[in-house]
Amino acid sequence: MRLDLSHIQRWIAPHSRVLDLGCGDGEFLETLQRERQVNGTGIEIDEDNINAAIARGLNIIEQDMDGGLGNFPDQSFDTVVMAHALQAVHYPDRVLEEMLRIGRECIVTFPNFGHWRCRVHLGTRGRMPVSEFMPHSWYDTPNIHFCTVRDFEELCLQRDIRILSRDFVGNTDREPLLATTWPNLFATTAIYHITR
Amino acid sequence: MTSRQDSRSVGIVQPQVARFDDPLLLACGRELSGFELVYETYGQLNASKSNAILICHALSGHHHAAGYHSESERKPGWWDECIGPGKPIDTQRFFVVSVNNIGGCHGSTGPKSINPETGKAWGPDFPSLRARDWVHSQARLADRLGIDCWAAVIGGSLGGMQAMRWSLEYPDRLKHCVVIAAALKLSAQNLAFNELARQAIFSDPAFEDGNYIYNGTVPSQGLSLARMVGHITYLSDEAMANKFGRELRAGSFELGDEDNIEFQVQSYLRYQGSQFSSQFDANTYILMTRALDYFDLAREYENDPVKAFTHASCSFLVMSFSTDWRFAPARSREIVDALIAANRPVTYAEIQADEGHDAFLMPIPRYLNAFSAYMQRVGGDS
């Protein structure tokens, strides 16, 4: 499982109700159901992913987050998770607001565009970073709203979003300490546990 | 194209009849002193009787959902794409029961049956029916077959509505409910089309207020017209464009030749209408369209579908098709949203398909894949 997802697990209470926005093929939700016995629901738009998730026995709703999440009642889930999808939605701030409305707690992970490699790439080559982690070219990337760790925290401050905890994943195993000490420079992935 | 020798066909099947002599109190307040259900089964019931699937048919459907009645039958049952070995409703795994609804005209007690009180066919006097009457009659069949709990109740269109009604009437008797191309209730536009179909039948002089059955006449003109109207609503603009376009079947636009012009779509619709009118009973058509009109899942739950679904205890699969304008994806999303709000387990797939409402009968790869994947889960739970 992806590193950010294994970090998230500990923040999810056993037997709680979990909504996973952009759940992909459902691997994470399946793990949560198996190891935490959660009552899980996933949202996804990719049809192959949807079929894969159905085959895992998960409850999956085909729905485009950009069309809104108004069909989910207020505070109807214990935790709403969105892993690596914030940067791909049309209005990340609105989706965050919706997550906080639907869930008592939320967990968001996103790639940190402030990572030094991105800065070097942009700074020295003057071109948009393409790496193993961000493999798309600027014109065909689904990631249309990149942000940095600092950008995200600034948004939380502006919107009165309370950060319960944060965690950072560095580039390979060499940099975990650097990533937690100077996340905006060394974290490839940022993980936030937030609430209102 | 499958054939009866095909390893993915259930092969030759034989309808069966179950007779019930206890009275059935209907939602309209009237009672059937007894009734018969004609049904087919495919696959084997396991020892714990936990692998049974109930198929609910749509407006003009019947019990013959898969396989062939004889070597010479031209077409297999109406849902042969989805029922059979290795198909979504896999008969190697499940015991499938497909019933003709009461009020129907394919063998179950309906307007063509004899009313024991008069010794004559019921005709237009057959009691008005609701989806729940079908559900209750099918529960009796489940009792008869020793099935306490269906692994799944499955239906498309009106059959999907009936499946939802099952989930509320007998929450402990099904583990999964599969609702395809359905709605919580009909829209005004749906009601309007059904009224148009009924008026077509009423306006046929041969209909004689439904008494044609005693006079040896058949309102085939009216029934045919009703079917043509219905058929248009089952197809999408895209499907009709792909299938017929503006192709001519006869005539040409050459000077002086216009009289003979017939578009392919005209001839197709007339053929569908006349085929249908030779096989279907007009009184049944009126009865079934009314049952469809009166269906409103949440009416008795303060018109709140969320409240309604809190009475269900099964898991749901809901599917819709992008070009279905009879029961559009938005109608299915209403079902899904109510299930979410009621905290019921639900899976929803919105299938891109050009075929309109009829898509639920078609071999659309993504549809069959999603359906199969879900049925694996049903099998795991059974």
Side-chain angles (χ1 to χ4, degrees), chain A residues 15-27 29-30 32-34 36-81 98-99 101-104, chain B residues 88 90 152 175-180 184 304-307 309-310 313-322 329-353 364-382:
Chain A
H15 305 285
S16 59
R17 200 172 176 214
V18 178
L19 178 64
D20 186 352
L21 303 179
C23 67
D25 66 6
E27 185 191 11
L29 209 49
E30 188 185 33
L32 283 181
Q33 287 198 174
R34 192 178 56 239
R36 302 255 155 181
Q37 292 78 47
V38 301
N39 169 3
T41 298
I43 286 184
E44 181 53 48
I45 46 171
D46 178 83
E47 57 183 69
D48 294 329
N49 276 338
I50 291 167
N51 278 359
I54 294 174
R56 290 179 194 270
L58 301 169
N59 300 313
I60 298 302
I61 311 289
E62 179 164 348
Q63 184 171 338
D64 185 353
M65 277 186 274
D66 284 328
L69 293 165
N71 54 326
F72 290 89
D74 295 359
Q75 302 290 292
S76 52
F77 284 81
D78 296 304
T79 306
V80 181
V81 178
E98 281 294 86
M99 288 177 72
R101 176 185 65 76
I102 297 163
R104 275 175 275 282
Chain B
D90 190 341
K175 284 190 176 157
H176 292 269
C177 181
V178 179
V179 184
I180 307 168
L184 292 166
D304 180 357
V306 181
K307 274 211 179 83
F309 280 129
T310 56
S313 51
C314 60
S315 297
F316 289 80
L317 169 65
V318 179
M319 289 190 279
S320 68
F321 300 93
S322 56
R331 302 280 81 77
S332 282
R333 283 198 294 267
E334 288 167 0
I335 299 170
V336 173
D337 292 350
L339 285 165
I340 290 169
N343 194 8
R344 292 300 96 139
V346 53
T347 286
Y348 174 58
E350 197 168 302
I351 313 292
Q352 288 295 318
I364 296 158
R366 192 197 158 201
Y367 166 48
L368 298 185
N369 288 341
F371 200 173
S372 294
Y374 192 84
M375 292 310 292
Q376 297 280 335
R377 169 174 168 184
V378 172
D381 290 348
S382 71

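In this text, all values refer to a predicted model and were calculated from it rather than measured experimentally. Lettering of chains follows the sequences in order, A, B, ..., and the numbering in each one begins at 1.
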Pair A:Asp78 + A:Arg17, salt bridge at N-O below 4.0 Å: no
A:Ile54 versus chain B, the contacting section by heavy-atom distance below 4.5 Å: both
Pairing residues for B:Arg333 by the side chain to side chain contact (heavy atoms under 4.5 Å, CB included) criterion, not counting sequence neighbours: B:Pro329, B:Ala330, B:Tyr348, B:Glu350
Closest approach of B:Ser322 to B:Ala353 (non-hydrogen atoms, all atoms of both residues): OG-N, 3.0 Å
Residues 36-47 of chain A: residues contacting chain B (heavy atom under 4.5 Å, by number): A:Asn39, A:Glu47
CG on A:Asn51 to OH on B:Tyr374, rounded to 0.5 Å: 14.0 Å
Heavy-atom pair with the smallest gap, counting every atom of B:Ala370 and B:Met319: CB-SD, 4.4 Å
Residue, of B:Ile351, B:Val336, B:Val378, B:Thr347, that accumulates the most heavy atom pairs under 4.5 Å with chain A: B:Thr347
4.5 Å side-chain heavy-atom contact, B:Ile335 and B:Val179: yes
Side chain to side chain contact (heavy atoms under 4.5 Å, CB included) partners for B:Ser313, two or more places apart: B:Pro171, B:Asp172
Proximal to chain B - members of residues 55-66 of chain A, heavy-atom separation under 4.5 Å: A:Ala55, A:Gly57, A:Leu58, A:Asn59, A:Ile60, A:Ile61, A:Glu62
CD1 on B:Ile340 to CZ on A:Phe77, rounded to 0.5 Å: 7.0 Å
Residue pair B:Ser332 / B:Ser320: nearest heavy atoms and the distance that separates them: OG-CB, 3.5 Å
Distance-minimising heavy-atom pair for A:Pro73 and A:Asn71: CD-O, 3.5 Å
Among the listed options B:Asn369, B:Val346, B:Asp381, the residue most often paired with chain A at heavy-atom distances under 4.5 Å: B:Val346
Which atom of A:Met99 lies closest to which atom of A:Val81, heavy atoms considered: CE-C, 4.1 Å
